[in-house]
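This report refers to the structure that appears directly beneath it.
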Number of protein chains: 2
Amino acid sequence: MLKTKRSNSDSSEESFDLAIDASDRAILRVLLDDSRKTLQEISATVGLSPTTCWSRIRKLQEQGVIRRYTVDLDAAKLGYHDSVIVQVTLESHSDETLYRFGKALAEIPEIQECYLVSGDYDYYIRIAVRDTRDYERLLREKLYKIPGIRHSQSHFVLRVLKEASVPLA
Amino acid sequence: MLKTKRSNSDSSEESFDLAIDASDRAILRVLLDDSRKTLQEISATVGLSPTTCWSRIRKLQEQGVIRRYTVDLDAAKLGYHDSVIVQVTLESHSDETLYRFGKALAEIPEIQECYLVSGDYDYYIRIAVRDTRDYERLLREKLYKIPGIRHSQSHFVLRVLKEASVPLA
DNA sequence: AGTGAAAAGGCTTTAAC
DNA sequence: GTTAAAGCCTTTTCACT
């Protein structure tokens with residue numbers, strides 16, 4: 001097994017590259033598309049026996065490659081018809097400010113994604129909103145209530161071309 | 001059943017608000033966290049019988065609220081240790097340019113998310129990269145190969161505070 | 001590592017309340 | 001919406017290669 005020391009890693013205790021081969025990736029590709037496929041169906045696609053697929057899947061779970069089984073929901077059908085990307089610049093870039101701000105953000109349920117990025121220590125946020133009025137309310141009542149914002153810029157999402165999923169090249 | 005006509009919707013043929021109550025949301029919350037929970041477990045959490053949960057889940061699937069069952073993968077464990085947010089401004093804002101550019105973007109597997117946003121008709125993109133060298137290669141060999149880019153700005157993701165999931169407030 | 005058969009258990013459906 | 005029950009199919013284990 002190839003083990004390569006990695007410098008960074010904020011999502012794993014293991015700092016080694018895992019031995020994931022083409023069959024594993026084939027399995028993951030099937031599960032990404034439909035995690036309720038039966039072992040027989042998976043087996044037919046990847047060309048291994050159901051049992052082998054099962055033990056590989058179990059290993060992938062134990063390694064944490066598969067973090068969880070979940071559902072993909074249609075936000076619009078739940079009333080969240082729009083999405084807004086907000087870029088926030090903070091007044092202070094101290095560790096404490098960054099930490100406090102990040103924690104406050106994570107508690108807002110409408111926030112779908114939130115990244116601290118390099119450059120000017122900005123946050124990139126994507127918010128799900130019911131409509132423009134809801135957007136205005138969210139910003140005013142929730143986002144701007146968090147102290148420490150120097151500046152923010154919003155962009156409405158006009159079209160979603162691709163949504164999150166891990167590449168398996 | 002309350003039916004309200006909606007103006008926009010690019011993800012659904014149905015342009016009505018669906019009748020989703022607190023129990024449905026409770027079920028969805030369980031499934032988001034673990035879509036392999038048994039009906040008995042779900043039933044215990046939401047306080048309805050397994051059969052009722054089952055028929056509600058089936059309805060949610062038919063309505064398209066549940067788009068698919070999938071897995072949540074750890075990108076870092078698959079070798080994608082970093083994430084970069086790229087903001088792209090196009091030279092032309094014609095329909096054809098926007099369409100062609102968007103289509104070309106969607107074909108790049110490393111692109112995790114891609115949004116066309118209002119304002120200056122920019123694209124917001126998040127790319128999964130193996131490391132900084134991989135990032136440079138991706139930009140040079142894939143992104144910049146697409147014609148029509150006026151300007152682009154990259155921000156490395158330093159910390160992920162929250163990842164995509166639909167709010168169920 | 002992969003395979004195949006066999007047991008244990010859950011899903012799905014129907015029917016009655 | 002609920003309970004009960006039946007058949008079917010999966011997952012999971014285990015012994016073997």
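The basis for the numbers below is simple: all heavy atoms, side chains too, and nothing from hydrogens, waters or symmetry mates. Values in this document were obtained by computation on a predicted structure and should not be read as measured data. Each chain gets a letter, A, B and so on, in the order its sequence line appears, and its residues count up from 1.
A donor atom on one side chain and an acceptor atom on the other are not found under 3.5 Å apart for A/Tyr99 and A/Ser94. No side-chain donor from either of A/Arg130 and A/Tyr135 sits under 3.5 Å from a side-chain acceptor of the other. Judged by distance alone, the side chains of A/Asp122 and A/Thr89 do bring a donor and an acceptor atom under 3.5 Å apart.
If you measure from atom CD of B/Gln61 to atom C1' of C/dT12, you get 12 Å, rounded to the nearest angstrom. For A/Leu39 and D/dC9, the CG to C1' distance is 12 Å, given to the nearest whole Å. Atom CD1 of A/Ile57 and atom P of C/dA1 are 16 Å apart (whole Å). Taking atom CD of residue A/Gln40 and atom P of nucleotide C/dA5, one finds them 12 Å apart after rounding to whole Å. Rounded to whole Å, atom C1' of D/dT11 lies 15 Å from atom CD1 of A/Ile27. Atom CZ in B/Arg58 sits roughly 10 Å away from atom P in C/dT12 (whole-Å rounding). Straight-line distance from the CD1 atom of A/Ile42 to the P atom of D/dT10: 11 Å, rounded to whole Å.
With pairs defined as Watson-Crick or G-U wobble and both atom distances under 3.5 Å, the stems of at least three pairs that touch DNA chain C come out as C:2-17 with D:1-16.
Counting heavy-atom neighbours within 6.0 Å of A/Asp21 CG, excluding the residue itself, gives a total above 12.
Remark: A/Glu62 engages A/Arg58 in a salt bridge, criterion side-chain N to carboxylate O under 4.0 Å. Salt bridge status for B/Glu113 with A/Lys162: absent, with no side-chain N to carboxylate O gap under 4.0 Å.
Phosphate proximity of D/dT11 to A/Trp54: absent, as no side-chain N or O sits under 4.0 Å from OP1 or OP2.
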Under 3.5 Å, which N/O atoms of the protein pair with N/O atoms of nucleotides 1-8 of chain D?
residue	atom	partner	partner atom	Å
D/dG1	OP1	B/Arg56	NH2	2.3
D/dT2	OP2	B/Ser49	N	3.2
D/dT2	OP2	B/Ser49	OG	3.3
D/dT2	OP2	B/Thr52	OG1	2.3

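Aromatic pair A/Tyr69/B/Tyr69: ring centres not closer than 6.0 Å.
In this structure, the side chain to side chain donor-acceptor pair (under 3.5 Å) partners of A/Lys142, at least two apart in sequence or on a different chain, are A/Glu110.
Here the CD1-OG distance, from B/Ile66 to B/Ser35, works out to 9.5 Å after rounding to the nearest 0.5 Å.
Between A/Arg36 and A/Lys59, it is A/Lys59 whose nearest contact on DNA chain C lies nearer the 5' terminus.
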